[in-house]
Structures are given as structure tokens and as C-alpha cells.
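All remarks here apply to the structure that follows.
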Amino acid sequence: MTRGRIIIYTLLLIALAFGTLFVLGYLLTSGYQEIARTVDDDPRLPVIEVGEYRFHGETYGDPTKPVVIVVHGGPGWDYRSLLSLSALADDYFVVFYDQRGSGLSPRVPASQLTLESTLEDLDAIIEHFRGSGQVTLIGHSWGAMLVSAYLGRHPNKVRQAVLAEPGFLNIDMFERAGVHLG
């Protein structure tokens, strides 16, 4: 067998292996993929009703204790990866909620998913739980950016804030990173 034929057969075997892996990958990942049910679809899911919207959410601890509100990342994620923060319930009243249209909260048209509406929802959640006091906000990733924006608007409603792995926090940071808006 010549060296040229060996190379050709080797290349054919490699192509066959990659083709087999591609087809196998397609078969294993195609078909019916279940989409998580929201609070509109599953009455067993915990709900926090604020205004006219039913957020997927839950609370831990004594409501007479200082309030901590956890703001998840995304956009589009949910709070379940942050549930270990429920351990704060010994000293705080801990509130988890999925942002509008995210996680297990009801789906809404894209036109309702704006930075402004998300900040208004956070303010409504805070007003719903804070009583006459201030709250502590814990934001992760996108949630940390929302908390930062909220602090710029309503610093008097927040006692303290924790920003875990925030992305860009202002326009200067976008520009330094080479991100151009518009």
C-alpha cells in the first residue's frame, strides 16, 4: 500500500468518525425538549404577587427581621442557583424572585422586557417587603448590574448591597471594553 493511499484512508476514517459523532450528537439532543412550566402553568410553584404580576418567588425566615432581596443573573435566568442564600434566614427575611419573563415567572411580550420595567419591578418588590425600613440587596451578574442601577435611583431604600460578579456598571466600562451601543 502506498503512502498516498494510507493518508487517504486515514482521512476517510477521520471523516467517518466525525460524521458518526455528529449524527450521534444530533440524535441524542434532538426531539422533544420540555420547557419549564411557569407559575401560570403549575399551581404548585411558589408565587409572590406584586401589583398585577405574579412572580415566581419565595421567602425564608421571619418577616419581622431585616429584609434581604436576592436579584438573580441573566437576563432570563432564575434564582434557584442562589437558594443557598436561604441560609441567611436565621438573621434576615430573605426574598427570592424570578424577574418578569424570566425563570419560572410568566412569559411576557419582549416589549415588556426593558431595563426600566425591570427596575420598576425591583422597586415594587422592595416596596412590597421593606415596610418602613431599608433593605439589603444581593445581586449576581446581571442582577448585580440591576442593583447598581437601582442604587443610583433609590439609595435611600437600600441599607447595603452586595454585588457578586457584576458585568459592566456604567457606559465608561462598556467603552473601555470596546463595546459600542447603538
Side-chain angles (χ1 to χ4, degrees), residues 38-40 45-177 179-182:
T38 70
V39 296
D40 283 348
L45 292 172
V47 172
I48 294 174
E49 291 191 40
V50 177
E52 297 180 12
Y53 193 76
R54 299 176 70 233
F55 293 93
H56 171 241
E58 55 192 306
T59 62
Y60 294 84
D62 180 349
T64 65
K65 292 188 176 184
V67 177
V68 170
I69 297 175
V70 179
V71 186
H72 67 76
W77 296 347
D78 61 48
Y79 67 78
R80 292 176 292 177
S81 66
L82 301 171
L83 276 173
S84 61
L85 293 171
S86 64
L88 296 171
D90 289 343
D91 300 311
Y92 299 93
F93 182 63
V94 185
V95 178
F96 294 89
Y97 77 103
D98 285 347
Q99 296 156 24
R100 182 181 300 263
S102 294
L104 303 179
S105 285
R107 301 297 171 247
V108 296
S111 62
Q112 292 183 24
L113 300 175
T114 65
L115 177 59
E116 191 62 36
S117 67
T118 304
L119 290 171
E120 288 171 1
D121 285 345
L122 177 56
D123 189 51
I125 294 280
I126 289 170
E127 286 300 314
H128 184 78
F129 287 104
R130 81 178 181 119
S132 61
Q134 295 177 310
V135 299
T136 295
L137 297 176
I138 299 176
H140 175 252
S141 188
W142 162 251
M145 294 188 302
L146 290 175
V147 168
S148 176
Y150 187 83
L151 287 169
R153 293 181 181 195
H154 303 285
N156 57 319
K157 295 181 182 182
V158 180
R159 186 171 135 249
Q160 57 191 0
V162 177
L163 306 178
E165 300 181 296
F168 303 112
L169 297 176
N170 60 41
I171 296 299
D172 291 339
M173 291 177 80
F174 274 103
E175 292 172 356
R176 279 186 286 189
V179 177
H180 301 284
L181 302 174

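Throughout, residue positions are numbered sequentially from 1 according to the sequence presented.
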Min side-chain heavy-atom separation [X]-[Y] under 4.5 Å:
| X | Y | result |
| --- | --- | --- |
| Pro66 | Thr136 | no |
| Leu146 | Leu115 | yes |
| Ile48 | Val50 | yes |
| Val67 | Val95 | yes |
| Ile69 | Ile125 | yes |
| Leu85 | Ile138 | yes |
| His140 | Glu165 | yes |

[X] side, atom [atom1]; [Y] side, atom [atom2] - distance, nearest 0.5 Å:
| X | Y | atom1 | atom2 | result |
| --- | --- | --- | --- | --- |
| Arg159 | Arg130 | CZ | CZ | 13.5 Å |
| Trp142 | Ser102 | CH2 | OG | 9.5 Å |
| Leu122 | Leu137 | CG | CG | 6.0 Å |

Please answer whether the main-chain N or O of [Y] pairs with a side-chain N or O of [X] as donor and acceptor at a distance below 3.5 Å.
| X | Y | result |
| --- | --- | --- |
| Asp98 | Asp78 | no |
| Ser141 | Gly143 | no |
| Lys157 | Gly133 | no |
| Ser117 | Gln112 | yes |
| Ser105 | Gly101 | no |

Nearest heavy atoms of [X] and [Y], plus distance in Å:
| X | Y | result |
| --- | --- | --- |
| Arg54 | Val47 | NH2-CG2, 3.4 Å |
| Leu113 | Arg100 | CD2-O, 3.2 Å |
| Asp62 | Phe93 | O-CB, 3.3 Å |
| Leu151 | Ala161 | CD1-CB, 3.8 Å |
| Ala144 | Pro166 | CB-CB, 3.6 Å |
| Val94 | Val70 | CG1-CG2, 4.0 Å |

Margin query: Strictly by ring pair (Phe, Tyr, Trp, His ring centres under 6.0 Å), give each pair with a member in residues 94-124 just once, sequence neighbours left out.
Written below: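 As it turns out, the ring pair (Phe, Tyr, Trp, His ring centres under 6.0 Å) pairs with a partner in residues 94-124, which skip direct neighbours, are Phe55-Tyr97, Tyr60-Phe96, Tyr79-Phe96.
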Going by atom types alone, do [X] and [Y] pair a side-chain donor with an acceptor below 3.5 Å?
| X | Y | result |
| --- | --- | --- |
| Trp77 | Gln99 | no |
| Tyr53 | Asp121 | no |
| Thr38 | Asp40 | no |

Notebook entry, point to check: With sequence neighbours left out, what residues match Glu116 under salt bridge (Lys or Arg N to Asp or Glu O under 4.0 Å)?
Noted result: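 Applying salt bridge (Lys or Arg N to Asp or Glu O under 4.0 Å) to Glu116 gives Arg153.
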